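For reference, the structure discussed in these notes is given below.
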Amino acid sequence: MRLALLLFATIVLPSALSAHEAAMGVLEFREVRPGAFIGRWTMEPSIGAARVDLRVPSHCLLRLPEMNCGQKGLVGSITIGNLGSNMSVVLIKVIPITGEPRSYTISTANPVVSVLGTGAPTLQAWIELAKVYVNYGIDHILLGADHLLFVLGLIWIVGGGWRLVKTITAFTIGHSASLAAAAFGLIGVPERPLNACIALSIAFVGIEIVKQQRGETGLTARHPWAVAFTFGLVHGIGFAGALAGLGLERRLLPAALLFFNVGVEIGQLAFVLLVLALVWAHRRLDAALPRWGEALPAYVIGSVSMFWFFGRIARVFAAI
């Protein structure tokens, strides 16, 4: 477990304060007359809108802020050629003169999307939607250092076996339920205070590890699935922040939510299996660390989580 934490700190923690904030741009195309659109960035990507290599269907003439697609309309493939470390996701919003707005997500995992038009989504459109949001869910959980650190703390306290299965399942049920509720607008919590609460949940796990090392039985050790489910509700609302503002059509939201959640679970399962593999390898090699290393994990988890907490609280007060 100490090796797992060391690996985690080496790979993930350099992006500490931004923990699970994705680099996203939002580009809106509003139809002003049939086939003619005005485009504007409502959320500019960090690399700057002027440097985005946006490519639209061949029959469309794009000279931002104007785009003219003629009688055929905006139908076909849209891609961005220079997605990278500074921008992983761009949301394309299409607001027609009549009908519901439509949204399409371009990501590093799937840099090409097909605009559906006004008709019913085709099978290919559903496949593309699945690829985009499954990959987006995987990216979100694997780049979410705070979520992974919380899961690592749970594994540390619970260990392996059936108790771990029940604990991770409870965490999954909790964040899946709150993610769905938040995505459909049934509940809502301001993002910055919520992120501070997520940091506190990690600090709580760190304190529980200290109790366990002192021979005490903490709440997490007694009822790990209850703690995992409760904090899973909090983390799930945080996951919903990844979908906030995307402006997805109501008809596509359930499918996008499902695919995104599948991606989150794939990423979470991969992380758990990696940690368990490191634990198994440590035992097989019979490796030993210095005695002072016994207390190191709890203090690393607690220190990092409080660093996040104070940084996020500062953002809350800065916004007041």
Side-chain angles (χ1 to χ4, degrees), residues 21-137 139-140 183 185 241-257 259-260:
E21 297 175 0
M24 178 186 295
V26 180
L27 178 59
E28 176 184 290
F29 284 107
R30 183 178 294 272
E31 191 174 24
V32 292
R33 61 182 184 276
F37 299 82
I38 296 296
R40 69 184 183 95
W41 290 96
T42 59
M43 183 190 303
E44 289 194 14
S46 58
I47 65 171
R51 296 174 55 193
V52 172
D53 183 18
L54 177 65
R55 303 169 190 174
V56 297
S58 58
H59 67 278
C60 295
L61 176 62
L62 175 65
R63 291 179 180 174
L64 285 176
E66 298 180 359
M67 180 174 65
N68 196 326
C69 296
Q71 294 182 347
K72 189 174 181 180
L74 182 53
V75 178
S77 297
I78 297 180
T79 183
I80 292 180
N82 59 341
L83 288 176
S85 59
N86 293 326
M87 179 180 61
S88 60
V89 177
V90 171
L91 175 78
I92 306 294
K93 290 184 178 181
V94 180
I95 305 177
I97 297 175
T98 59
E100 293 186 358
R102 305 187 301 277
S103 298
Y104 308 90
T105 306
I106 297 177
S107 68
T108 51
N110 189 43
V112 181
V113 296
S114 295
V115 178
L116 305 180
T118 57
T122 63
L123 176 60
Q124 183 61 34
W126 289 118
I127 293 174
E128 290 184 359
L129 187 73
K131 289 194 298 184
V132 167
Y133 281 95
V134 168
N135 283 300
Y136 188 32
D139 288 346
H140 187 69
L243 299 177
L246 293 187
L248 290 166
E249 297 176 67
R250 196 73 177 180
R251 60 174 178 161
L252 297 180
L253 182 57
L257 180 62
F259 296 138
F260 176 80

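Worth saying up front: this structure is predicted, and the values here are computed from it rather than measured.
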With a 4.5 Å limit on heavy-atom distance, are the side chains of [X] and [Y] in contact?
{"X": "P57", "Y": "V75", "value": "no"}
{"X": "R40", "Y": "P65", "value": "no"}
{"X": "E28", "Y": "P101", "value": "no"}

Rounded to the nearest 0.5 Å, what's the gap from [atom1] on [X] to [atom2] on [Y]? Could you check?
{"X": "I80", "Y": "L27", "atom1": "CD1", "atom2": "CG", "result": "7.5 Å"}
{"X": "H59", "Y": "N68", "atom1": "NE2", "atom2": "CG", "result": "9.5 Å"}
{"X": "I95", "Y": "R30", "atom1": "CD1", "atom2": "CZ", "result": "4.0 Å"}
{"X": "F259", "Y": "N135", "atom1": "CZ", "atom2": "CG", "result": "12.0 Å"}
{"X": "I78", "Y": "I92", "atom1": "CD1", "atom2": "CD1", "result": "5.5 Å"}

Output all residues satisfying side-chain contact (heavy atoms from CB on, under 4.5 Å) with L62, sequence neighbours left out; order by chain, then residue number.
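In terms of side-chain contact (heavy atoms from CB on, under 4.5 Å), with neighbours along the sequence ignored, L62 is linked to F29, L54, V56, L64, M67.
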
What closest approach, in Å, do [X] and [Y] show between heavy atoms, and which atom pair accounts for it?
{"X": "G73", "Y": "C60", "value": "O-SG, 4.4 Å"}
{"X": "R102", "Y": "P96", "value": "NH1-CG, 4.0 Å"}
{"X": "V94", "Y": "L74", "value": "CG2-CD2, 3.8 Å"}

What pairs meet the salt bridge (charged side-chain N to carboxylate O under 4.0 Å, His left out) rule with one or both residues in residues 57-75, with sequence neighbours excluded?
none

